[in-house]
Amino acid sequence: MRVRRTLTAIISVSALTLVIAPPAVSAGATPTGVASAVRWYEGKTGTVQWAIGSEFLAQLDQAGAVLSFCSAAKIAVDESSGVTIVTMPAHGSSAIRLNARDSSMDGSADCAATITGNNTSVELTTLGFDVASAYPSGISASVNDERAVLGSGARMKLPKQAVRNKITVVSPVLLVDSTFADLLRGPQDASGAYTGPVPTMTTEPTTLGLFQLSLKVKVTKVGPMSSGNSEG
């Protein structure tokens, strides 16, 4: 039941705090029988807001571990729910594809995070945030020069096009990936004790939170484009 209560709290925060403006949608409907073209964009600069799951933070607290971010991050706690929200500068990672069955948008935070505890630490660099309609959405990071999935969630419907050269998406609720949990527990020593920064990290599903990614974009000609898709 703890998972369900935490999901409710985070979703509430997304509605009240994260969704400053709802995901952009096309103002005009596509006429019946007319195939609408896939729209491609290049993501520029923007922000990502990560509402961190209360259960995930509780796991860190119980182990005496601390999650810290770079100086560019702004950290606030929502008064009504107590959920921690971290806002970081971000930029586009790859081509953004909208108005398609396999629409997707991703970006990277210009910030690093570190989890410290048990006389050791795990540094998360190149934090990646990905929302997709054809595969699980999620958060990833580079750890010791290897890419690791931190958490993943459901597929998500994306807007059909940018509005005023900007796209905003909100992820579904994400659960901590088992490989990330293993990384935080760390290897075992001769006595069988885990040696990572969060040696008591649970193997059960834990809410990592959700995020809002908002980027300025420009139209690009990756893939099939029609001249009518330009947004100036």
Side-chain angles (χ1 to χ4, degrees), residues 7-8 10-15 17-51 53 88 90-109 126-141 147-180 205 207-226 228-231:
L7 296 186
T8 301
I10 296 174
I11 290 171
S12 178
V13 171
S14 73
T17 307
L18 284 183
V19 189
I20 299 171
V25 295
S26 175
T30 302
T32 303
V34 178
S36 54
V38 175
R39 296 182 172 93
W40 294 88
Y41 301 90
E42 177 185 349
K44 308 300 283 184
T45 59
T47 59
V48 61
Q49 291 179 291
W50 177 9
M88 297 170 279
H91 64 271
S93 298
S94 58
I96 298 169
R97 178 183 174 100
L98 298 183
N99 204 39
R101 289 186 178 180
D102 55 349
S103 294
S104 64
M105 175 178 173
D106 64 342
S108 296
T126 320
L127 285 163
F129 299 84
D130 186 10
V131 177
S133 62
Y135 56 85
S137 304
I139 300 177
S140 61
R147 203 67 190 163
V149 175
L150 307 188
S152 60
R155 296 175 293 177
M156 200 73 174
K157 185 176 181 180
L158 278 75
K160 292 184 177 181
Q161 66 180 45
V163 172
R164 299 184 187 91
N165 297 316
K166 186 176 183 180
I167 303 172
T168 297
V169 294
V170 178
S171 78
V173 175
L174 309 174
L175 297 180
V176 173
D177 189 83
S178 59
T179 56
F180 183 43
T207 53
L208 185 62
L210 54 76
F211 64 85
Q212 174 181 281
L213 177 63
S214 182
L215 296 175
K216 294 179 180 178
V217 299
K218 72 173 184 179
V219 173
T220 184
K221 292 185 178 180
V222 175
M225 290 284 292
S226 68
N229 287 336
S230 177
E231 303 206 10

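Small disclaimer: the values here were computed from a predicted structure and weren't measured.
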Visitor: Report yes if some heavy atom in the side chain of L175 is under 4.5 Å from a heavy atom in the side chain of T207; otherwise report no.
Guide: yes
Visitor: Just by modelled atom types, is the S93 backbone N or O under 3.5 Å from a matching donor or acceptor in the S108 side chain?
Guide: no
Visitor: Assess the residue pair K160 and N99 against the criterion (side-chain contact (heavy atoms from CB on, under 4.5 Å)); give the C-alpha distance rounded to whole Å, side-chain angles, the decisive distance to 0.1 Å, and a yes or no.
Guide: CA-CA 4 Å; K160 292 184 177 181; N99 204 39; 3.6 Å; yes
Visitor: Are the side chains of Y41 and L215 in touch, meaning some heavy atoms are under 4.5 Å apart?
Guide: no
Visitor: What distance do M105 atom CE and L158 atom CG have between them, rounded to the nearest 0.5 Å?
Guide: 8.0 Å
Visitor: Just distance, no hydrogens or angles: give the donor-acceptor pairs under 3.5 Å from side chains in residues 128-136, sequence neighbours left out.
Guide:
from : atom 1 : to   : atom 2 : distance (Å)
D130 : OD2    : Y135 : OH     : 3.3
S133 : OG     : R101 : O      : 2.7
S133 : OG     : S103 : N      : 2.9
S133 : OG     : S103 : O      : 3.2

Visitor: In the structure I gave you, are the side-chain heavy atoms of Q212 and V170 within less than 4.5 Å of one another anywhere?
Guide: yes
Visitor: Indicate yes or no: at least one non-hydrogen side-chain atom of R147 is less than 4.5 angstrom from one of T126.
Guide: yes
Visitor: What is the distance from atom OG of S94 to atom CD of E42, rounded to the nearest 0.5 Å?
Guide: 10.5 Å
Visitor: Distance-only, no hydrogens or angles: does the T220 side chain make a donor-acceptor pair with backbone N or O of W40 under 3.5 Å?
Guide: no
Visitor: With rounding to the nearest 0.5 angstrom, report the OG to CG distance, S152 to D177.
Guide: 5.5 Å
Visitor: Measure the shortest side-chain to side-chain distance between L150 and L174 over non-hydrogen atoms and say whether it is less than 4.5 angstrom.
Guide: no
Visitor: Let me see the working for M88 and L127 under side-chain contact (heavy atoms from CB on, under 4.5 Å), right down to the final yes or no.
Guide: CA-CA 10 Å; M88 297 170 279; L127 285 163; 4.2 Å; yes
Visitor: Can you name the nearest heavy-atom pair linking L210 to W50, along with the distance?
Guide: O-CD1, 3.5 Å
Visitor: Measure across L213 and D106 and return the closest heavy-atom pair with its distance rounded to 0.1 Å.
Guide: CD2-C, 3.8 Å
Visitor: Side chains of S214 and T47: do they bring a donor and an acceptor to under 3.5 Å?
Guide: no
